[in-house]
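See below for the structure under consideration.
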2 protein chains.
Amino acid sequence: MLQQDVLRDRIVARFEEMSPQLQQAARYIVENTQEVALVSMRELARNAGVQPATMTRLAKFLDLSGYEDIRGHFSEALRLRADGFAARAREREGEHGPAGSGLAHDMLQSLSAQIGRLSEPESLARLEGAADLLGQARRVYVLGLRSCHSVAWHFHYVMTLLGDRTVHLDGPADTGADGLLRAGPEDVLLVISISPYAVQSLELSALAREKGLSVVAITDSEVSPLIPISDQVILCSTESRTFFHTLTPALAVSEVLCGLLAARDREGSLKALQEADQHLATLNIYANSIPRRRI
Amino acid sequence: MLQQDVLRDRIVARFEEMSPQLQQAARYIVENTQEVALVSMRELARNAGVQPATMTRLAKFLDLSGYEDIRGHFSEALRLRADGFAARAREREGEHGPAGSGLAHDMLQSLSAQIGRLSEPESLARLEGAADLLGQARRVYVLGLRSCHSVAWHFHYVMTLLGDRTVHLDGPADTGADGLLRAGPEDVLLVISISPYAVQSLELSALAREKGLSVVAITDSEVSPLIPISDQVILCSTESRTFFHTLTPALAVSEVLCGLLAARDREGSLKALQEADQHLATLNIYANSIPRRRI
DNA sequence: CGTGCATTGCAACAAGTGTTTCAAAAATTA
DNA sequence: TAATTTTTGAAACACTTGTTGCAATGCACG
């Protein structure tokens, strides 16, 4: 096996010291680590040909508090392996991990992997499909409420620099939906929504569809309520070790869409960008050092 | 998803026919298939936020004899996946770059790497340092203009769910800066700004410093104008193959900061989150399906 | 040949499992 | 509106789980 597994190694290392029954249990575990996670202790014992109690005793022998520790370890290992984190986890183990405040490290590794997974063939195809639809649109309406506002706004902002085809469905005093007033079948709605789904996003998307718009959705699940009313769907993970969902992969998706759209019309994009630059320059929007205070 | 999974597909296919509770259970299963194999039904139900009985009912709904069938299926799937993992990993290494339409692929790979690089020891130390400062603050003022608005707003939004210590320096009619009116030495400014740097971000940061605030900066370069006036700096890459800079790594950084802050006060965060949930629930902000039009 | 000691099997245990039943609540229909 | 059906929550069910204490077993050593 490729994976490095501290507990498994410990079992192997202390194998010789074990009594015959313990060895029999240990042998079965070492040779079937996934089974530990997948079946009950009693069944494992049955398959290994030992008494249930022997498994508990093996745990104690390994200085663990009980069999649950063994199962916990191999469950976690299997979880990671199945997620495709194995390679990264191995790297992580290799580095001198102080095991201290691993949260930041874990979050970043996980984000990196989640975005990496977006470059699998199926995701790429969906991204291209979405870019096709968006590219043909007369106007692109962008909708993202609450947590998804950041993604919607960023897409809109970048597209604004590249042209004037996008309309951001947001505004003060609940006027956000007004943008759809004159939208029609030649237009496309780009909606970003993740669980829990904002009612208004769903309602507006349904309305857009009724008005004949095509719908491109960036969402988080194959059973997202947006799927039935969308022409193109891009799925991105929002899993996180924290209390809240991550939007980093969704933002990555939106940036890729911007990139694809810009690439479809290099000349136009470049020209629009130059105009934007000039506009912002005359307004003195940007600086490279802290300006002296304007009195 | 590479593997085909008949049961998962069946769940997705019949999702629409399900009752709300069944949908909630089904949604959780579809999005966490490994968990089905790894934890008990009751725990799965707990995590999915449904009654244990609902899982059994879901099984019956799918024409299975009981929940054991569901678990059996996903256990088998996980077993196979774990076995075939090594082989597939090797394959994946081989299929490097079909070169066709590579932009999306390249962008995602690059983003994944950029975020991965953030988990190097130095970055982690800076993140911890920034979290320390932010954690002690009486109030946290968040400032991000133009392209950085998305990051600033996302940070603010998440922190709002976790408590009420943050103030977003943005607003209509150029009132954004007003928030700093009563800020003082006990407060911290979190500013996000990348090249080209918005003049107003620099000005406001300088003002905040004059008022005695500590400054935490998320920026893109060791020669960023923010560095001299900041107490803690987190650098993140904005390089991109496109015409515009990427903000995905910056968003990742802000999410990690949120995570670290939440972890510093688990109890408080959890409680605040529950309150937020309740508030949003009474307002009917969220839904899991397209609601019938309100007349 | 016993004696001591680790090892093993067994039975009992509290706790947790998946399932079923039933009544209340909600949604739908008349 | 009332009547009907569907959906939901809660409790009880029989069963399995992981653990533990105790007696039986085997085995080495005087």
Side-chain angles (χ1 to χ4, degrees), chain A residues 7 11 14-29 32-33 35-76 199 223 225, chain B residues 7 11 14-29 32-33 35-76 281-282 284 286-295:
Chain A
L7 181 52
I11 297 176
R14 301 194 55 190
F15 190 78
E16 293 301 331
E17 311 166 36
M18 297 177 194
S19 71
Q21 288 296 300
L22 284 189
Q23 287 196 351
Q24 192 168 334
R27 167 171 290 116
Y28 186 83
I29 287 180
N32 303 281
T33 53
E35 291 305 299
V36 178
L38 293 171
V39 307
S40 75
M41 185 202 78
R42 283 180 121 101
E43 192 172 338
L44 194 79
R46 233 169 284 142
N47 297 338
V50 300
Q51 292 261 343
T54 305
M55 291 296 174
T56 299
R57 287 166 182 151
L58 178 62
K60 308 264 176 185
F61 174 85
L62 294 167
D63 305 318
L64 303 173
S65 75
Y67 177 79
E68 302 281 11
D69 286 0
I70 296 183
R71 158 140 66 222
H73 176 89
F74 289 116
S75 283
E76 198 50 37
V199 170
V223 292
Chain B
L7 182 51
I11 296 176
R14 301 197 54 193
F15 188 80
E16 295 297 333
E17 311 168 37
M18 298 177 193
S19 72
Q21 289 295 301
L22 285 188
Q23 287 196 352
Q24 192 168 334
R27 180 188 308 280
Y28 187 84
I29 289 180
N32 304 279
T33 53
E35 292 305 299
V36 178
L38 293 170
V39 307
S40 74
M41 183 203 78
R42 281 180 121 99
E43 194 172 336
L44 194 79
R46 258 187 301 264
N47 296 338
V50 300
Q51 296 253 346
T54 305
M55 290 295 173
T56 299
R57 287 169 182 152
L58 178 62
K60 307 268 177 184
F61 175 85
L62 294 166
D63 305 318
L64 303 174
S65 76
Y67 177 79
E68 302 282 9
D69 285 1
I70 296 183
R71 197 225 293 293
H73 175 87
F74 288 117
S75 284
E76 199 47 40
T282 61
N284 285 319
Y286 294 127
N288 274 314
S289 63
I290 308 253
R292 213 184 306 169
R293 188 69 49 77
R294 301 179 274 188
I295 314 264

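Chain identifiers are assigned alphabetically (A, B, ...) following the order of the sequence lines, protein sequences preceding nucleic acid strands; residue numbering begins at 1 within each chain. These values consider heavy atoms only, across backbone and side chains, with no hydrogens, waters or symmetry-generated copies. What you see is a predicted model, and the numbers here were worked out from it, not measured in a lab.
Residues B:L44 and B:I29 meet the side-chain proximity criterion, which asks for heavy atoms closer than 4.5 Å.
Judged purely by atom type and a 3.5 angstrom limit, A:R14 uses its side chain to pair as donor or acceptor with the backbone of A:F61.
If you check residues 15-29 of chain A against DNA chain C, the residues with a heavy atom closer than 4.0 Å are A:S19, A:P20, A:Q21, listed by number.
For the salt bridge (charged side-chain N to carboxylate O under 4.0 Å, His left out) test, no residue two or more places apart in sequence or in another chain qualifies with A:R46.
Summarising the geometry, atom OG1 belonging to A:T54 is positioned 8.5 Å from atom CD belonging to A:Q24; distances are rounded to the nearest 0.5 Å. The distance from atom CG of A:L58 to atom CD of A:Q21, rounded to the nearest 0.5 Å, is 11.5 Å. Note: A:L62 CG to A:I70 CD1 = 6.0 Å, rounded to the nearest 0.5 Å. Interatomic distance, A:E68 CD to A:M41 CE, rounded to the nearest 0.5 Å: 9.0 Å.
Look at CZ on B:R71: it is 9 Å from C1' on C:dG18, rounded to the nearest Å. We find that CD1 of B:I70 is positioned 13 Å from C1' of C:dT19, with the value rounded to whole Å. Distance B:F61 CZ to D:dT6 P: 13 Å, rounded to the nearest Å. Atoms CD (B:E43) and C1' (C:dG16) sit 11 Å apart, rounded to a whole Å.
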Nucleic acid footprint by protein, nucleotides 19-28 of chain D - heavy-atom cut-off 4.0 Å, B for base, S for sugar-phosphate alone: BBB-------
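Across all non-hydrogen atoms, the minimal contact from A:Q23 to A:F15 is NE2-O, 3.0 Å.
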